[in-house]
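Quick note: numbers below take in every heavy atom, side chains included, and nothing from hydrogens, waters or symmetry partners.
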Amino acid sequence: MSKLTFNKELCKGCGLCVQACPKNVLAVSDKDSNGKGYYVVEAVNEKDCIVCAFCATMCPDCVITVEK
């Protein structure tokens with residue numbers, strides 16, 4: 001099983017990671033925001049993650065860590 005970790009304070013909610021995920025594991029939250037007021041990314045279907053790390057690779061701010 002995979003483990004996704006997010007540094008929410010660095011997230012700008014750009015959604016690039018959401019678009020990169022082939023399994024629709026991620027979504028930009030409509031409720032959870034960080035200290036700067038950005039709505040952050042969250043794992044909505046983490047059990048479907050195939051640990052490809054496309055999300056972490058696509059993130060311009062190194063917000064996501066993917067572990068097996």
Is it possible for you to say whether Leu4 and Val51 belong to one hydrophobic cluster, with membership spreading through side-chain heavy-atom contacts below 4.5 Å?
->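 Per the 4.5 Å side-chain linkage, Leu4 and Val51 are co-clustered.
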May I have the list of side-chain donor-acceptor pairs in residues 35-44 shorter than 3.5 Å, sequence neighbours left out?
none

Side-chain atoms of residues 18-28: list all donor-acceptor pairs with protein atoms under 3.5 Å, sequence neighbours left out, distances to 0.1 Å.
none

How many angstroms lie between atom NZ of Lys8 and atom CG of Asn34, to the nearest 0.5 angstrom?
->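 It is 9.5 Å, given to the nearest 0.5 Å.
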Report the distance from atom SG of Cys55 to atom CZ of Phe6, rounding to the nearest 0.5 Å.
->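 Reported to 0.5 Å precision, the distance equals 6.5 Å.
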For Leu16, the rest of its hydrophobic cluster, which grows through side-chain links under 4.5 angstrom =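 In the cluster with Leu16 are Met58.
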Would you call Leu10 and Cys62 a side-chain contact if the rule is heavy atoms closer than 4.5 Å?
->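 Answer no - side chains too far apart.
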What's the shortest heavy-atom distance between Lys3 and Glu46, and which atoms?
->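 So the two residues come closest at CA-OE2, 3.4 Å.
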Measure across Ile64 and Cys17 and return the closest heavy-atom pair with its distance rounded to 0.1 Å.
->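 Heavy atoms only, the tightest pair is CD1-CB, 3.6 Å.
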Is the backbone N or O of Cys11 less than 3.5 Å from a side-chain atom of Asp61, with the two atoms forming a donor-acceptor pair by type?
->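 Absent.
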